[in-house]
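Quick note on labels: first sequence line is chain A, next is B, and so on, each numbered from 1.
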There are 2 protein chains.
Amino acid sequence: MVDKGEAILVEGSHNAHLYTMLSGLAFRFKIIEDGRRQILNYILPVDLIGLQGSLTGEMQHSIETLKPSVLCVFERNRIDEIFVKHPKLAYDITWLAAREERMLDEHLLSIGRRTALERTAYVLSFLASRSIEAGMDQTDEVSLPVTQQHLADTLGLSIVHTNKTLKKLSDRELIKWGERSCTINDVEALARIANWQVGQTEDRPFI
Amino acid sequence: MVDKGEAILVEGSHNAHLYTMLSGLAFRFKIIEDGRRQILNYILPVDLIGLQGSLTGEMQHSIETLKPSVLCVFERNRIDEIFVKHPKLAYDITWLAAREERMLDEHLLSIGRRTALERTAYVLSFLASRSIEAGMDQTDEVSLPVTQQHLADTLGLSIVHTNKTLKKLSDRELIKWGERSCTINDVEALARIANWQVGQTEDRPFI
DNA sequence: CGTCAGTTTGACACGAATCAAAGTGAGTGG
DNA sequence: CCACTCACTTTGATTCGTGTCAAACTGACG
């Protein structure tokens, strides 16, 4: 169990295990020395954390929680064992790595080639569909416990411009901002603005 | 064997196998309907191609060659077999997936938070060190057979601005542009501009 | 009541996109 | 062999999107 706002893995650390996020919410990020931060992806139940660190020996990014989170630990030195004794599990781990890669590809497309409005719409619909998929919100409304600074660092925008872009979306009533959190009203309209095909949920391993 | 400039895998296609790039050079990219293109990463010897497609059933990006390339095919339906019978090989595949993820993380940081000059310096030093690592250039000079449009689509910049940024770097004699290709003179100076730590080459599986 | 983190807004500056046009060299066909 | 085309590069002028600066506002919390 890890509290909200806590760093659970720090760039450069060596004691990397493999974790599964059982409940909660976190994000992976990198920072440049002068403080610029880029959020790489969000971690929802039931995602894998620390795969790279486990396989390469050193974390290349940091992780911080947005909600109190519960993790399940796989010992690093048991990973070889998994590959030898549990091929199905090993396959699932690789499947999840490939899935992470697809998400990063889409983020790259977003930051590289979409406008601020498209990008913002994309991230919000992306996070909303992942939340729904993970069953995080029982209600109809999807609500994300992030600050505008988090979104800015996800989008590669300044916080001021992020704010103005969010205003455009809430003027259209696609989202509502309140109390350090964002509720998404219309996932599909957002995806349409972003020119994004929300991927159909496939069979996905639950490690 | 695939010729230069040819598409070898197309987004949405289903016949995805797993390939190894034995020699040559290619790149992965995604496009938005209106034509905007984002290059996601480059594929050098001895990289794996099509992992996601093989595991998830459908390619989410396309691949095109920059040089005549030789590929080695793994049948898709033999992947399960690999995980069961060759755990070491399965581990290596996962290792490579984790490595790809690290590269994408760094690109994301770059496009999201670095300036045009830093970004350009980063990609060039990144590609140069990968070329050296892959032993693609026997000579001291590293030379990349790309157009400025390729770089622009990698960097998330317009082609005009890319040109002007490249000029700054060649004024400093860090690179030289000529004949649809770029030769990199000073990898480390570029990395320094980008504020980038070029990762030490670790043991890396050669599948 | 004051502080503090986060949000909101307006004015202005700057980096990058767009527009336009000319230059280069390889390849092609007359 | 020359003219022509075509893809790519280069450069300057201008526009536009986004960043930066500054200041006020809000609500939680001590």
Side-chain angles (χ1 to χ4, degrees), chain A residues 4-6 27 32 34-39 64 66 110-124 143-172 175-183 193-194, chain B residues 3-6 27 32 34-39 64-66 110-124 143-172 175-183 193-194:
Chain A
K4 174 182 163 180
E6 207 167 312
F27 61 93
I32 307 182
D34 61 12
R36 283 174 283 177
R37 179 176 73 168
Q38 178 65 40
I39 294 182
E64 222 178 275
L66 289 165
S110 224
I111 296 193
R113 290 304 188 200
R114 289 197 243 252
T115 65
L117 189 72
E118 292 171 336
R119 243 185 271 186
T120 308
Y122 161 69
V123 184
L124 294 175
S143 156
L144 304 167
V146 293
T147 66
Q148 298 187 356
Q149 184 69 66
H150 289 121
L151 286 184
D153 288 344
T154 308
L155 298 165
L157 297 172
S158 72
I159 185 171
V160 174
H161 198 70
T162 301
N163 177 280
K164 288 170 180 168
T165 307
L166 287 171
K167 186 166 180 349
K168 287 183 191 167
L169 292 175
S170 57
D171 283 351
R172 300 196 203 174
I175 64 168
K176 193 156 93 185
W177 196 270
E179 293 313 304
R180 256 146 267 215
S181 77
C182 177
T183 71
I193 290 175
Chain B
D3 263 346
K4 175 183 164 179
E6 206 167 315
F27 62 93
I32 307 182
D34 60 13
R36 283 175 284 178
R37 179 176 74 167
Q38 177 66 41
I39 294 183
E64 222 178 274
T65 50
L66 288 166
S110 225
I111 297 192
R113 289 304 186 201
R114 288 198 243 252
T115 64
L117 187 72
E118 292 171 336
R119 245 185 271 186
T120 309
Y122 161 69
V123 186
L124 294 175
S143 154
L144 304 168
V146 292
T147 66
Q148 297 188 359
Q149 184 68 67
H150 289 121
L151 285 184
D153 288 346
T154 308
L155 298 165
L157 297 173
S158 73
I159 185 171
V160 174
H161 198 70
T162 301
N163 178 279
K164 289 171 181 170
T165 307
L166 287 170
K167 184 164 180 352
K168 286 183 192 169
L169 292 175
S170 56
D171 283 350
R172 299 196 203 176
I175 64 168
K176 193 155 91 187
W177 196 269
E179 292 312 304
R180 256 146 265 214
S181 77
C182 177
T183 71
I193 290 175

Out of [options], which has the shortest distance to the side chain of [X]?
X        : options               : result
B:Lys164 : C:dG6, D:dA7, D:dT11  : D:dT11
A:Arg119 : D:dT10, D:dT18, C:dT9 : D:dT18
A:Thr115 : D:dT18, D:dT9, C:dG6  : D:dT18
B:Leu157 : C:dA17, C:dT9, D:dG12 : C:dA17
B:Thr147 : C:dT7, D:dT18, D:dT9  : D:dT9

Roughly how far apart are [X] [atom1] and [Y] [atom2], rounded to 0.5 Å?
X        : Y        : atom1 : atom2 : answer
B:Leu155 : B:Leu124 : CG    : CG    : 7.5 Å
A:Tyr122 : A:Thr115 : OH    : OG1   : 14.0 Å
A:Trp177 : A:Gln148 : CH2   : CD    : 4.5 Å
B:His161 : B:Leu117 : NE2   : CG    : 8.5 Å
B:Lys164 : B:Ser158 : NZ    : OG    : 8.0 Å

Rounded to whole angstrom units, what separation is found between the [atom1] atom of [X] and the [atom2] atom of [N]?
X        : N      : atom1 : atom2 : result
A:Arg114 : C:dA16 : CZ    : P     : 21 Å
A:Gln148 : D:dT26 : CD    : P     : 15 Å
B:Asn163 : D:dG12 : CG    : P     : 11 Å
B:Arg113 : C:dA16 : CZ    : P     : 13 Å
B:Leu166 : C:dA16 : CG    : C1'   : 14 Å
A:Gln149 : C:dG6  : CD    : P     : 8 Å
A:His161 : D:dG17 : NE2   : P     : 9 Å
A:Leu117 : D:dC16 : CG    : P     : 18 Å

- Is it true that a side-chain atom of B:His150 and a backbone atom of B:Thr147 form a donor plus acceptor pair closer than 3.5 Å? yes

- Item | Any donor-acceptor pair under 3.5 Å from A:Arg114 side chain to A:Ala194 backbone | yes

- Would you mind telling me which residue lines up with the more 5' stretch of DNA chain D, B:Val160 or A:Ile159, judged by nearest nucleotide? B:Val160

- Message: For A:Ala116 and B:Trp177, find the nucleotide of DNA chain D closest to each by heavy atoms; which residue's nucleotide sits nearer the 5' end?
- Response: B:Trp177

- Does A:Arg113 pair with B:Asp153 as a salt bridge, N-O distance under 4.0 Å? yes

- Note on the structure: Note, DNA chain D 5' to 3' with Watson-Crick or G-U pairs under 3.5 Å encoded as ( ), [ ], | and . gives ||||||||||||||||||||||||||||||

Looking for any heavy atom pair under 4.0 Å, which part of the strands does [X] touch: base, sugar-phosphate only, or nothing?
X        : value
B:Ser158 : base
B:Lys167 : sugar-phosphate
B:Gly156 : sugar-phosphate

